[in-house]
Amino acid sequence: MPSPLPLLVAVPILLIGAALSLALRANRSSAGISIASQAVATALVLANVVPVLRGGKPVEIVWAWPAPIERIPFRVDALGAFFLSWSLPMTLLGTVYATGYLKPYFDRGRHGGPHYALLNMVSVSFVLIYSVQNALVFLLGWEIAAVAAWLLVIWDYRNQKIRFAGFNYLVSTHVGLFVLVAAFMLLHSKTDAMDFRSFGEFLSKPTPARGAIFMLLGVSFALKSAFFPFHTWLPRAHSAAPAHVSALMSGVIHKAGLFAFLRFTLLAGRPDEWMGWTVLTFGALSAFFGVLYTSTQRDLKRLLGYSSTENVGIAAMGFGVGYLGWSWDIPSLAVAGFAGGMLHLLNHAFFKCLLFYAAGSVYRATHTVDVERLGGLAKRLPRTAALFLVAALAISALPPFNGFVSELIIYSGLLSGRAPSGRSNIALITAAVMLAFVGAVSVLSMTRAFGLTFLGNAREPGLHVNEEEPVSMLGPMWLHAFGVVVIGLAPGAGVAMISAALDLFPFASSSSPVLDAFVPVVWASRALALALLVACGVGLRRGIKARRSVTWGCGYTAISPRMQYTGSAFAEHFARIFESFLPVLRRVRAPEGVFPQRAGHVGTHHADPVERRMFEVLGQGEKFVAQASGRISEQPRFAFAAGLIAIAVIGLIAYGASDR
Amino acid sequence: MMPVRLANLAALLVMPLVLTGVINRVKSLWSGRKGPPLFQLAFDVVRLLRKSSVYSSTTTPVFRIAPYVLLLTAAGSACVAPLLGSTPFVSFPFDFVWLAYVWGLGRMAIMLAALDTGSSFGGMGAAREATFSTLLEPALFFIVGALSLLTGKHTLHEALNPHLDGGPAFVVWVAALVALTIVLQVETARMPVDDPATHLELTMVHEVMVLDHSGPDLAAIQVASAIKFFVGASIIATLLNPWAGSETLAAASLNVAICVFVAILIGTVESLIARLKLRAVPQYIVVAIASGVVALLAAAWRAGGAP
């Protein structure tokens, strides 16, 4: 059996790194310690993980521990190895990016030690979550990740809005934690154990509790990964956090929710058909609403936040297909679903982090990410622009980049036509249509985001642009872009990372032939990439000695940058078609009279409909409770009814508990 | 295998020019003019290639690269389309997804080029194109989904060759034709969705995005549009072609003839019908989505509980 030593040594190294970077006064040394400790830990973890990914035996150790935990089984199987293999390196890259991104704050005397320590703690939480097989320790890792992410979000804590966004995140993530604890308590009450193996033994049997536990776990993991309609905390947190924190949260930390989902899928064994439909519907809804909301955002980072909801939805659509294929015993469908979903997670981590990093360098240069004020940055920040464009093409799932590969695999499941009944075939193809719609809207949003930010002229004439981004920011961006291109042109690299994890599923003996069907597409993508390179060469060459003039203005010559198409105008036509899902708050002050004395004003704002509705319902509920409780004291009849209800609830709980 | 590929290549080189010429000739005949020569597009391209391009000083390399990306993606989609009703240049499972997404890449390139000019016209055209395409993709995927469910095949050219046995299959076939015609009209910027000959920027969709392109860049865009039209027409032709799938000269000629017929039809529609109001265009595209839904239901009915 492979030695688990490197993995176990990595944790104390990360903790020592965190403590040292807290203790050291100079920001430079804090950063150095944090990066060095993470690099060592990453190398150690990779030493353990890579053999597992190549089909080796899982790394296992059981630690004795005082009550109430008694024993902590660590076990890195191929699934955990897959997540560890990119989570830790990407966190390391995020830390490197932080040194450049936070430099202006450091120059003003801010101490960065706690921030670096928290980034180390995020890595610790990954090692725990992805390797531990005990529910209590798992919850500990889960909580470390949540609290560390919260503290990282409120870096700029002096700003009230940012504190609110952080608090909003903290509450939401703990609602998810309560649901998870409930699920674990239910499992504990049934199995009298806290380790995942006993959980799995119970879950693989068909009991009434299985469905309830599936739903509880699903809701909790959906909250963690920001699925619709549990996404309301996400756009706020992502627009408030520093760019690298948004990137890590969206790309890496919240993938823990989907990891846990896959972990329990493996534990529970062959799923019921309704679970597959639930996951598929959930995923499709998330993708649909997530992408709709991206179309109207003004804040670039908010837009990217919504796009996370979209992309985890796409991955979940893949998992839904996998569930269905598994429950119908159609291995090719199951492999296509799980492989596409997992590959999409990895791809999303690559391009979403890149997009957030690029947005961060826009913020660092201009101090705003409001697309209505930006414009023309491609001339000032050409490298950031090129990198953002690569990621934007990839996230729109366009060939020859990596997003296309994973979506194509998911399509191959949805459009296979192999479902056992006509009705399920209709449902699967309709899901494929949803995915196509999501892709097209994502093209719209990304065109809008890139076009408004980087092309044309600055919409705000006085927009000040600082110097080009430092190497510490560009380096991580280049590496992420490299990943985007490599998986796009050589999906074999990505498939190699997930194939061991796929083999954990009992149906997976046929995984490689299913994926071999995509070899011709890969060659087509490569040919396209080569041709695109030539096109870029031609385009660039042609510009060298070309004649310059002004943009054609239909004969009008006094064009100003304010006359460019705005972001809200770009999305207006689309938003009007989907008005029922994209409610718009419009403030209009029309000019009055024949000779208006005051200037008119029109303002539009697209608020998150789910969040608005949630606050409305909460407000109504609060009013209702206040009224009812007021009446209880006045009227004895109400007090009597309330007492009866309370007794009934307690009785039911007691009855349920005695069932054991 | 090889002769078919060569024939496909030859068709790709000639047919886009012919079809564009046919449409223009039909339009001029309807309006009582003699019309330009059939190969006018070739003359235009040669003329444009001899000129040099002028670039707005607002633009970045994105603007200069985009026309060639558009041309490439049009050619990339032609590679998987059954141009002569039989085996295309290359074919692989789910190549229709490739076709749709390659078109998406070209669309994104030209929209970005439009935004790059910094003119409000460019933004307007890009926004319209993006909005219409979000409705168009669902229609396209409903149709290919229904056809591949009906035929049990996952490549474009095989899915376009259904065995018409009985009512449901026939319903799928008709609905697919309706939807694909609308897809063709929208994708290639034809009436009643877009007026390629308009001179009012405010009403344009596709043309307004390429206002600033000139010289060889403009030639690339025009050729790309012509190729895209041929690809779309050949997809419809393959569906109509009773001999589709056979690699004979007769089948190929019939396919070409149907393509010309489609071009005549499009030209006629363009001459007789006014452009829709922009607000009504989404409703028109929804007709395509509705036909797609009908096709899917009929295909599922036909497939029934088959394994």
Side-chain angles (χ1 to χ4, degrees), chain A residues 378-379 393 396-399 404 408 411-412 415 417 420-423 425-426 429-430 432-433 436-437 439-441 443-444 447 450-452 455-457 517 520-521 524 528 531-532 535-536 538-540 542-543 546-554 559 561 563-565 569-570 573-574 577, chain B residues 52-58 60-62 64-65 68-69 72 76 90 92-94 97-98 100-102 104-105 107-108 111-112 115-121 123-124 126-128 130-131 133-134 137-138 140-142 145-146 148-149 152 154 201 211-212 282 296-297 300-301 303-305 307:
Chain A
K379 290 191 259 323
L393 291 168
S396 310
L398 295 173
F404 177 69
L408 184 67
Y411 271 124
S412 78
L415 291 171
S421 71
R423 235 177 290 166
N425 269 321
I426 293 178
I429 292 175
T430 309
V433 170
F437 174 81
V441 182
V443 168
L444 183 150
T447 304
F450 180 78
L452 294 175
L455 303 177
N457 288 313
V521 192
L528 184 69
L532 283 177
C536 289
V538 169
L540 291 175
R542 291 181 49 71
R547 211 144 54 83
R548 300 268 161 183
S549 183
V550 291
T551 298
W552 168 242
C554 290
I559 289 177
M563 291 177 195
Q564 290 174 98
Y565 227 47
F570 194 92
H573 198 168
F574 178 76
I577 297 175
Chain B
S52 63
S53 299
V54 181
Y55 296 112
S56 158
S57 46
T58 311
T60 61
V62 171
R64 306 197 288 271
I65 294 167
Y68 303 100
V69 174
L72 267 180
V90 283
F92 43 83
F94 305 102
V97 179
W98 165 266
Y101 276 70
V102 160
L105 178 64
R107 193 185 298 131
M108 187 156 173
M111 290 193 297
L112 287 176
L115 286 171
D116 201 11
T117 60
S119 106
S120 46
F121 297 122
M124 201 156 62
R128 287 172 187 168
T131 306
S133 71
T134 59
E137 300 267 311
L140 192 61
F141 273 80
F142 266 129
S148 74
L149 185 59
H154 297 124
E201 287 86 346
L211 275 177
D212 266 85
L296 177 57
L297 293 178
W301 186 13

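The shown structure was predicted, so the numbers you read here are calculated from the model rather than taken from an experiment. All chains are named by letter (A, B, ...) in the order of the sequence lines, taking the proteins before the strands, and each is independently numbered beginning at 1. Computed from heavy atoms alone, side chains included, the values below leave out hydrogens, waters and symmetry copies.
- Pairing each heavy atom of A:Ser549 with each of B:Val54, the nearest pair is CB-CG1, 3.7 Å.
- Heavy-atom pairs under 4.5 Å with chain B were tallied for A:Val550, A:Val538, A:Leu532, A:Ile429; the largest tally goes to A:Ile429.
- If you measure heavy-atom distances from B:Leu149 to chain A, the contacts under 4.5 Å come from the side chain alone.
- With chain B as partner, the option from A:Thr447, A:Leu444, A:Asn457 having the largest number of non-hydrogen pairs under 4.5 angstrom is A:Thr447.
- Looking only at side-chain heavy atoms (C-beta outward), A:Gln564 and A:Leu452 stay at 4.5 Å or farther from each other.
- The candidate from B:Pro61, B:Ala146, B:Ser57 with the greatest count of non-hydrogen atom pairs under 4.5 Å with chain A is B:Ser57.
- Contacts of B:Ser148 with chain A are made by side-chain atoms alone, with heavy-atom separations under 4.5 Å and no backbone atom involved.
- The shortest side-chain heavy-atom distance between A:Ser412 and B:His154 does not fall under the 4.5 Å cut-off.
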Next item on the list: Determine, stepwise, if the pair A:Phe574 / A:Val441 fulfils side-chain contact (heavy atoms from CB on, under 4.5 Å).
Entry: CA-CA 9 Å; A:Phe574 178 76; A:Val441 182; 3.7 Å; yes
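- When B:Leu140, B:Val102, B:Leu297, B:Leu72 are compared by the number of non-hydrogen pairs under 4.5 Å with chain A, B:Leu72 comes out ahead.
- A heavy-atom distance below 4.5 Å is not found between the side chains of B:Thr117 and B:Leu211.
- The parts of A:Ile426 that come within reach of chain B are both its backbone and its side chain, each placing non-hydrogen atoms under 4.5 angstrom from that chain.
- Between chain B and the options A:Gly439, A:Ala524, A:Ala569, the largest number of non-hydrogen pairs under 4.5 Å is found for A:Ala524.
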Margin query: Show, in sequence, the C-alpha distance, side-chain angles and deciding distance for B:Val97 and A:Phe404, and conclude whether the side-chain contact (heavy atoms from CB on, under 4.5 Å) test is met.
Written below: CA-CA 10 Å; B:Val97 179; A:Phe404 177 69; 4.3 Å; yes
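- At a 4.5 Å heavy-atom cutoff, the contact between B:Ala126 and chain A is made by backbone and side-chain atoms alike.
- When heavy atoms are compared at a cutoff of 4.5 Å, B:Thr60 approaches chain A solely by way of its side chain, counted from C-beta outward.
- Residue B:Asp116 touches chain A through both its backbone and its side chain, counting heavy-atom pairs closer than 4.5 Å.
- Two residues are said to be in side-chain contact when any heavy atoms from C-beta on lie closer than 4.5 Å; B:Glu137 and A:Phe437 fail this criterion.
- Of the two parts of B:Pro138, the backbone and the side chain both hold a non-hydrogen atom closer than 4.5 Å to a non-hydrogen atom of chain A.
- A donor-acceptor contact shorter than 3.5 Å links the side chain of A:Tyr411 to the backbone of A:Ala436.
- Only the side chain of B:Val62 comes within less than 4.5 Å of a heavy atom of chain A; its backbone N, CA, C and O stay farther away.
- Among A:Leu408, A:Thr430, A:Val521, the residue with the largest count of heavy-atom pairs under 4.5 Å with chain B is A:Val521.
- No side-chain donor-acceptor contact under 3.5 Å links A:Ser396 to the backbone of A:Leu398.
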